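What you see is a predicted model, and the numbers here were worked out from it, not measured in a lab. In the text below, chain A, chain B and the rest are named by the order of the sequence lines, each starting its count at 1.
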Amino acid sequence: MKTIDPVTLAVLKGRLEQVADEMDATLYRSAFNPIIAEARDACHGLYHATTGATLVQGTQGLPIFVGAMAFAVKAVIDKVAREGGLQEGDTFLFNDPYDGGTHLNDFRLVRPLFRKGVLFCWLASVGHWLDIGGNVPGNFNARATESFQEGVRIPPVKLLRAGVLDDDIVAILSANSRVPQSNWGDLNGQLNALDLGARRLGALLDEYGEETIAAAFSAFSAGAEAMMRANIAALPDGIWSFEDHLDNDGIDDAPLTIALDLTISGSEMTLDFSRSSPPCKGPLNIAYSTAVACCYVALKHVFTEVPANAGCLAPIRFVIPETTLLGVKAPKPVGGYTETILRVIGVLFGALGRVAPERAMAAPFGTINALSLSGARREGGRFVMFSFFGGGLGGNPESDGLNHANNPISTATIPPVEILEASYPVMFTQWALRPDSAGPGRHRGGVGAIYEVEALAEGETDVFLLGERGKFAPFGVDGGGPAALNRFSWQTEGGEAQPPLVSKVADVRIRKGQRVRLETPGGGGYGDPFSRDPERVARDVRQGLVSREAARDSYGVAVAADGTLDAAATQRLRQEIAA
Amino acid sequence: MTTASASMVGVDVGGTFTDLFFFDERTGRFRTGKVPSNRGNEAAGFLDGLRSVCTLTDLGAVVHGTTVGTNALLERKGARVGIITTSGFRDVLEMRRRDRRHTWGLWGDFEPVVPRDFRIDVEERTLADGTIRQPVDVEAVRQAAQALLAQGAEALAIIFINAYANPANERAAFEAARSVWPNDYVVASSQILSEIREFERSSTAALNAYLQPVVGSYLGKLDAALKQERFAGSFHIVQSNGGVMSTQTARHLPVRTALSGPAAGVIAAAAICKAAGYDNIITGDLGGTSFDVSLVAGGVPALAAQTTIDFGLVIRTPMIEISTIGAGGGSIASVDSAGMLQVGPESAGSVPGPVCYSQGNERPTLTDANVVLGRINAERPIGGKLARLDVEKARAAIEAHVGRPLGLDAMSAAEAIVRIANARMAGAIRLVSIERGHDPQIFTAVPFGGGGALHVGALIRDVGLKSALVPRFPGVTSALGCVIADIRHDQVQTVNLDLAGFDVAELDRRMAEAGREARAVVEQAGLSVSRIDVVYELDMHYVGQTHTIAVPLPMTLGPEGTGLTREGVRSAFESAYQKAFSRLLPGIAVKIVSLRTAAIGRRPAFDLGVMAPDETASLETARQGSRPVWFDGGWHHTAVYARLDLPVGAEIAGPAILEQPDATTVVDPGLSARVDAFGNIIVERKP
């Protein structure tokens with residue numbers, strides 16, 4: 001193996017990341033559906049020719065995909081090993097969640113890059129398509145008990161053979177979606193991104209040569225591994241455990257446990273999830289690759305400086321048995337995977353909070369709240385408004401949690417109300433911060449949100465929701481308190497209804513003029529709330545983010561009706577509670 | 001057209017220095033000036049500068065590039081603003097687009113410029129199609145305004161949902177609020193930006209209100225000082241779009257000054273290069289902490305639709321597209337725990353500055369590397385504040401922090417720092433050129449500001465640019481830009497029309513109306529112009545997409561309207577889409593989202609030849625001897641020249657160093673430099 005000088009290495013790091021970043025940007029700009037274009041639910045990178053390991057990743061790619069893509073490329077490598085016949089210009093397409101995927105909406109395109117007739121590496125693109133059949137528009141079917149009810153599953157197939165598009169595959173995809181045009185637009189966007197990546201990488205290979213670029217790939221991986229090992233070695237050796245729960249699986253109203261035993265030994269870390277619940281009936285299961293990917297996301301949020309490539313997972317050992325809901329096989333439903341991976345990430349934050357609170361953070365709001373409103377348009381045709389909603393991040397050693405943020409698994413922005421109202425027959429009646437939703441702490445959690453939407457469509461509007469945190473609130477760390485629970489309700493003829501399975505809703509219809517209301521959790525608190533600066537608590541009260549009652553009960557801070565701090569009463573309150 | 005302004009001064013007030021460029025249109029005389037900026041009392045520094053280059057009583061016009069707005073935003077020193085908004089939407093400004101600061105890492109929070117207790121909602125609602133679902137309760141608006149006043153608000157923004165589709169409720173609320181508000185600082189969001197997307201419009205309107213009192217009082221002070229000096233001419237401000245506006249417009253739309261100074265620099269660079277025969281350029285302004293890049297293709301600077309000043313602070317208004325990376329002279333070089341050499345984004349700034357300044361920083365910077373390599377003259381630092389630079393200290397810091405961890409000696413480590421910085425600058429240039437589909441081989445790099453000319457050679461080689469052009473006075477490029485910039489006014493209106501079925505006559509009528517409005521603003525600015533162009537652009541997409549592409553229309557404003565046709569719009573869209581994504585999507589419906597209108601008052605041509613070196617210049621007088629400079633792994637005996645004394649037509653083979661008071665140009669081995677008829681230095685590969 002050729003060695004590479006440190007200066008060329010640093011130059012190539014920037015150049016190669018730029019290739020992946022540019023692929024991301026191309027898809028964002030040309031995609032059809034807002035989940036890619038606005039929410040950036042997509043990712044691109046370069047992958048190892050024989051192992052599929054991540055070599056280089058865009059800096060903006062959706063975090064959860066960054067961890068999962070290597071498994072997707074490996075799935076294609078295995079297929080080629082079985083069947084042969086790989087040609088320059090081939091491009092594979094698939095969405096199989098059990099074979100390196102996440103859920104059915106995430107369509108992966110994987111293309112080999114050849115140099116002088118030899119496979120040099122793989123390029124891949126993944127993006128979330130709006131709808132791929134199944135019982136529920138948008139595919140977040142909270143009641144699915146088999147993958148077949150969630151949508152159409154496509155194993156790795158050749159969409160392009162030596163550069164020629166297979167129209168038959170496109171026809172099959174088209175026939176199996178409620179929004180074929182949107183999927184066609186996104187598919188073209190992903191092809192744009194792969195074309196561009198191949199051109200850019202080709203030019204870079206012309207400039208530096210295959211050997212130098214390959215040496216750079218190895219060096220990136222070795223560097224990331226060294227950095228991760230140094231981070232782990234700095235933590236004390238030992239075993240720490242942490243558990244959290246999901247409300248239910250959408251079928252049976254029984255909680256599911258995600259349990260982690262985290263072992264640190266020298267520069268290595270073991271993440272053992274064996275004590276977690278067995279596979280469930282409903283769609284809250286995840287496949288092994290998804291579980292690894294979300295652990296990667298959690299670690300990257302804590303050890304932010306470690307570069308995004310395969311090297312950073314080298315010192316981590318995973319124990320994720322098939323007998324748990326975190327390592328299932330087909331056809332166990334996995335459409336609600338977002339909720340489960342958020343809980344896995346939270347559990348890792350919680351365990352690390354016990355190991356080293358100065359590096360950790362309290363739980364983020366922890367649910368994507370996939371809400372779909374659908375019905376008939378006045379001018380004919382169907383509409384499906386599908387979006388994910390925000391909440392608060394956890395308090396942390398540096399600051400309060402961020403108000404109304406996206407989830408750790410994504411960098412998604414939320415579509416503007418005005419775009420949603422211009423596109424669908426709905427009217428938002430509230431889009432606001434939710435008072436008393438943040439976990440109290442020396443640094444409180446970020447505040448969650450209230451979204452209220454009125455149906456304007458003439459006929460009935462179908463409501464589906466896949467959410468969580470209806471029973472188990474986002475936890476605090478290092479003495480911080482929990483945030484508020486997630487809450488969903490809708491108007492009926494007689495008043496207001498709430499889902500029997502708390503945050504999961506299917507087969508609910510509202511009429512024109514009726515509203516649905518979603519109140520999302522904030523983040524957990526960090527540190528003892530009784531040590532929070534009373535002036536800051538009083539300010540939160542004046543801002544309407546914390547009520548006077550909560551200031552008194554959760555923080556031991558007395559705030560007068562006009563919002564000013566009552567310092568003497570505060571001192572008394574805090575002494576009483578300390579005593 | 002308005003009368004000639006006779007003589008004018010461009011004034012660019014930066015953080016450290018105020019640069020001036022005086023020009024007399026009658027005699028063709030010019031003068032440059034540089035005085036220290038007077039932070040906190042800008043008017044004093046401003047007047048000192050003006051007096052140093054001209055007599056104020058005879059002066060026709062002052063055109064000003066300012067950072068007062070930018071600084072107020074970055075330092076969060078704007079006014080106390082109140083917001084009145086639609087019931088249920090009080091928190092749009094604070095909820096942002098539900099983003100976070102970094103992809104990786106979840107720490108950090110966000111304070112909006114208007115705190116929650118200064119945001120009040122009132123009953124009113126407009127739907128997306130413009131229907132008024134609920135008329136605004138004007139009495140509630142008056143009460144809200146009074147409550148905000150009582151709390152201490154100095155400026156007011158009225159921001160209603162869907163006001164882009166029908167501004168009637170916002171206008172009614174605006175009138176009601178004005179009736180009780182004690183000053184002029186009241187805006188309605190649709191007056192600032194009549195475009196879909198409530199957060200971007202809210203942020204732009206709120207930041208406009210936030211800046212109004214600050215910029216208003218700043219301009220008021222300058223106005224008063226100018227009057228006291230019996231200045232009888234007109235006073236203008238450069239906007240972020242590179243066009244000039246009246247101070248009256250600037251007081252109303254201060255948010256449009258956010259990139260005032262840098263935009264003027266790009267305008268000047270474009271004009272200098274056009275005169276010199278270069279239409280395709282990439283400007284690079286290397287400062288203490290950042291490198292700002294802009295692209296000018298075919299003589300026209302690229303415009304961006306919006307910018308993010310800081311996390312959560314979005315301004316949406318057309319502006320010269322300036323891409324910034326955190327690599328400047330003060331950027332710190334370090335080796336991370338994976339053994340990777342990094343330069344920036346952490347910076348030592350100008351205080352304490354590089355190690356060689358001996359002001360307390362011990363970690364090596366890009367400037368330290370340039371000093372150690374002999375590229376910067378340690379005995380004559382730029383700016384004149386320091387007597388000399390400490391080369392030994394810089395060398396020791398580079399050896400300790402970069403050399404040892406990488407196993408390199410001090411000189412190789414210094415060269416490595418410069419190479420990494422060059423690579424980052426090259427990356428920024430690729431981002432605006434290759435990534436936008438431009439071929440770098442036809443582009444010329446134009447460094448301005450103090451440091452850029454040190455790195456032009458690397459940019460030519462790393463990116464494959466055609467050449468570099470160093471303007472004769474790189475330090476006053478922005479001030480020159482103030483003098484030559486066109487007058488410009490932009491407007492936007494979201495229209496949401498289907499291409500297949502829209503009423504052509506109706507859109508044509510709206511375009512003509514918008515064109516006439518924009519033209520009137522330019523006519524009222526009071527600077528001489530040779531003509532006024534009205535240009536149109538549509539934001540369009542395929543139905544279902546949320547992003548749009550900018551579609552320039554070939555139509556312009558005539559006496560009979562604009563000559564708009566459906567087919568004309570379709571073909572303009574298809575050619576723009578094809579260019580952007582290289583594939584069309586036949587069969588999918590196309591939508592016109594927004595109409596953008598700009599009126600541009602073209603300024604009379606400015607003869608840049610006046611700046612050329614005079615006939616007394618000669619190669620002999622310019623020659624300053626030589627010094628050893630480190631290139632490509634070894635010391636090279638390198639000739640040094642006083643750049644301003646070089647005659648037209650002089651040719652100098654690299655390696656060479658060309659020095660002038662505010663910049664140093666490095667001509668690398670293998671490159672050569674020549675002086676063109678305007679006194680610019682052109683650096684190219686040796687033939």
Exercise. Quick one: of B/Phe199, B/Tyr164, B/Phe110, who has the most non-hydrogen atom pairs under 4.5 Å with chain A?
Worked result: B/Tyr164
Problem set entry | Expected output: side-chain B/Arg424 to main-chain A/Val11 donor-acceptor under 3.5 Å | no
Problem set entry | Carboxylate-amine/guanidinium contact B/Arg197 A/Glu421, below 4.0 Å | no
Exercise. By a 4.5 Å heavy-atom criterion (distance strictly below it), what part of B/Ser412 contacts chain A: side chain, backbone, both, or neither?
Worked result: neither
For this session: Would you indicate whether the side-chain heavy atoms of B/Asp109 and A/Asn403 approach each other to under 4.5 Å?
Result: no
For this session: Answer yes or no: is there a side-chain heavy-atom contact under 4.5 Å between B/Arg133 and A/Leu456?
Result: yes
Exercise. Are B/Met95 and A/Leu433 side-chain neighbours, meaning at least one heavy-atom pair lies under 4.5 Å?
Worked result: yes
For this session: Verify, without hydrogens or angle tests, whether B/Arg98 (side chain) and A/Ala405 (backbone) share a donor-acceptor contact under 3.5 angstrom.
Result: no
For this session: Indicate the atoms forming the closest heavy-atom contact of A/Arg539 with B/Pro115, along with that distance.
Result: NH2-CB, 4.1 Å
For this session: Please work out whether the ring planes of B/Trp104 and A/His301 are parallel, tilted or perpendicular, with thresholds of 30° and 60°.
Result: tilted
For this session: Taking all heavy atoms of A/Val7 and all of B/Ile420, pick out the closest pair and write down the distance.
Result: O-CD1, 3.6 Å
Problem set entry | Spacing of CG belonging to B/Asp91 relative to CD belonging to A/Gln543, to within rounding of 0.5 Å | 9.5 Å
For this session: Check each atom of B/Leu585 against the heavy atoms of chain A and say whether the ones under 4.5 Å are side chain, backbone, both or neither.
Result: side chain
